[in-house]
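Position 1 is the first residue of the sequence, and the numbers go up from there.
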Amino acid sequence: MKRFLILICILFSFRVNASALSFSPRVFESSLSEKNALSHFSLNASSSREEDEETAEDLFAWFVVICVVALGVCYYWFNTVRFLDYPYQDDETVSPADGNYVARGSISGLVLTLPSYSKNRFSFDTSLVYLHNLGIGNETRFEGLLFPYIGPYFENLALGKFYTNGTYDFEKSGFRDNIKLGGQISLLQTNILSAAFLIQYTTWRGNGFEDFKTGCNVGLLLRSYPVKPLVIEWKMGCHNYKHDFSVFESDLHFGFTHGPYEFFASWKYFNFYNSENDNYFKDFSGASIGIRRYFCLPHS
């Protein structure tokens, strides 16, 4: 508050000084017509400067107000969020009205009266994945929020494909692997809908992926716990690599919980393309089934 008041005083002082300078005396010109013309120009210029200054001050004031409001919203949405150890947890210290995984409210209420809630949440999952024409293998993922608003998001997709046709075909067979290492930033946290922004380093290894070595994945994670024991999740992202190579991925996930565990199935889609070569277009789709474990770090 003190900083804000000081800022207002500085702006007021700037306004007064600017107004005083705009009416400062000028040197006499040799010609009366020139003097009148310059005087008219000076008044117009002064008026224009005043309008510009008022506009700039108004914009700056709105900017300050928006920043203060945004900080307040972020403080509420992020710092008053707490989590149970897992979705739909049945805990005698938590009433159903307090939420089934994500709890919102005042800090005093969440910290002092609900000791079962934690400031962090994590999950680890592993699944069997099949992608048509790409391979069959395993996907593992570790993700979570170390604080109510930011945390890690690590993924590894390992696939193998083997062609025989009577003889082993080395060129078509082999091991494919996609590693994504990065984090997530919360945009919204509720039981009905949670959203997070994802940013990750990504790389592909294996036959046919020489153009997808080092890139950046930017994505969005939507998650919902609508009614016990259902879990719905949709993760989408776009990988960008050198030489205009890109990958779009989508993973639509449905699961049901049993205690801290979730059993799920998902539909996965990958599209590989190059923006400079319209003929380069490869897409793969398939399914996965797996198990996820939810947990929190020890409560503070």
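- Judged by a 6.0 Å distance limit and a 45° cone about the ring axis, R293 is not positioned over the six-membered ring of F124.
- At least one side-chain heavy atom of T202 sits under 4.5 Å from a side-chain heavy atom of K180.
- The two residues Y269 and S285 come nearest to each other via the heavy atoms CD1-CB, 4.1 Å.
- Around atom NZ of K213, more than 12 heavy atoms belonging to other residues, nucleotides or ligands sit under 6.0 Å away.
- A donor-acceptor pair is defined here as one N or O able to donate and one able to accept, closer than 3.5 Å; no such pair exists between the side chain of N120 and the backbone of F147.
- Here the side chains of C216 and I199 are in contact, with some heavy-atom distance below 4.5 Å.
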>> Please determine whether side-chain contact (heavy atoms from CB on, under 4.5 Å) holds for the pair F122 and L146, giving the CA-CA distance in whole Å, both sets of side-chain angles, and the decisive distance to 0.1 Å.
In response: CA-CA 8 Å; F122 295 94; L146 185 58; 3.9 Å; yes

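- Few gaps surround CZ on F295; more than 12 heavy atoms of other groups in view lie less than 6.0 Å from it.
- Shortest non-hydrogen contact noted between G182 and F154 is O-CE2, 3.3 Å.
- Counting only heavy atoms from C-beta outward, the side chains of Y241 and V247 approach each other to under 4.5 Å.
- Looking at every heavy atom in both residues, Y273 comes nearest to C238 through OH-SG, 4.2 Å.
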> Would L222 and L220 satisfy side-chain contact (heavy atoms from CB on, under 4.5 Å), going step by step from the backbone distance to the final call?
Replying inline: CA-CA 7 Å; L222 303 177; L220 182 67; 4.0 Å; yes

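- The shortest side-chain heavy-atom distance between V102 and V81 falls under the 4.5 Å cut-off.
- Using a 4.5 Å heavy-atom cutoff, the side chains of S186 and L145 are in contact.
- Between L134 atom CG and H132 atom NE2 the span is 10.5 Å, to the nearest 0.5 Å.
- The 12-atom threshold is exceeded at CZ of F281, counting heavy atoms of other residues, nucleotides or ligands nearer than 6.0 Å.
- The heavy-atom pair separating G286 from L131 by the smallest distance is N-CD2, 3.5 Å.
- Atom CG of L157 sits about 9.0 Å away from atom CD of E249, to the nearest 0.5 Å.
- Here R141 contributes atom CZ and T126 contributes atom OG1; the two are 10.5 Å apart, rounded to the nearest 0.5 Å.
- To the nearest 0.5 Å, atoms OG (S246) and CG (D211) are separated by 11.5 Å.
- Formation of a donor-acceptor pair under 3.5 Å by the N274 side chain with backbone atoms of D244 is found in this model.
- A donor-acceptor pair shorter than 3.5 Å can be found between the side chains of S266 and D251.
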>> Walk me through whether L193 and L188 qualify under side-chain contact (heavy atoms from CB on, under 4.5 Å).
In response: CA-CA 7 Å; L193 178 64; L188 176 68; 4.1 Å; yes

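- More than 12 heavy atoms of other residues, nucleotides or ligands sit less than 6.0 Å from atom CG of L230.
- For F212 and W204, the gap between ring centers reaches or exceeds 6.0 Å.
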>> As a quick check of understanding, evaluate side-chain contact (heavy atoms from CB on, under 4.5 Å) for K268 and V129, giving each step before the final call.
In response: CA-CA 9 Å; K268 305 176 76 67; V129 179; 3.9 Å; yes

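- Taking 4.5 Å as the limit, every side-chain heavy atom of I289 sits out of range of all side-chain heavy atoms of Y130.
- Between F245 and F272 there is no side-chain heavy-atom pair separated by less than 4.5 Å.
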> Is there a ring-ring contact (aromatic ring centres under 6.0 Å, His included) between Y117 and F83 once you walk through the steps?
Replying inline: CA-CA 5 Å; Y117 283 93; F83 308 94; 8.7 Å; no

>> Under the criterion salt bridge (charged side-chain N to carboxylate O under 4.0 Å, His left out), I'd like the reasoning laid out for E155 against K235: C-alpha separation, chi angles, the key distance, then a yes or no.
In response: CA-CA 12 Å; E155 300 171 272; K235 180 173 68 71; 3.1 Å; yes

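- In this structure, the side chains of I179 and T203 come closer than 4.5 Å at one or more pairs of heavy atoms.
- Distance alone, capped at 3.5 Å, is enough to place a donor-acceptor pair between the Y88 side chain and the V227 backbone.
- In this structure, Y261 OH and T257 OG1 are separated by 13.0 Å, a value rounded to the nearest 0.5 Å.
- Here F284 and F270 keep their ring centres 6.0 angstrom or further from each other.
- Atoms CG and CG, from L159 and N138 in turn, are 9.0 Å apart once rounded to the nearest 0.5 Å.
- The distance between the ring centers of F254 and F264 does not fall below 6.0 angstrom.
- Here the closest heavy-atom approach between residue G137 and residue L128 is recorded as O-CD1, 3.4 Å.
- Scanning both residues, P152 and Q184, for their nearest heavy atoms gives O-NE2, 3.4 Å.
- One hydrophobic cluster holds both W234 and V218 under the rule that ILVMFWY side chains link at heavy-atom gaps under 4.5 Å.
- Among E139, E143, E262, the one residue that satisfies the salt bridge (Lys or Arg N to Asp or Glu O under 4.0 Å) test with R292 is E262.
- Taking the six-membered ring for Trp and the full ring otherwise, the centers of Y153 and F142 sit at least 6.0 Å from each other.
- Side chain of S250 to main chain of M236: no donor-acceptor pair is present (N/O by atom type, distance under 3.5 Å, no hydrogens or angles).
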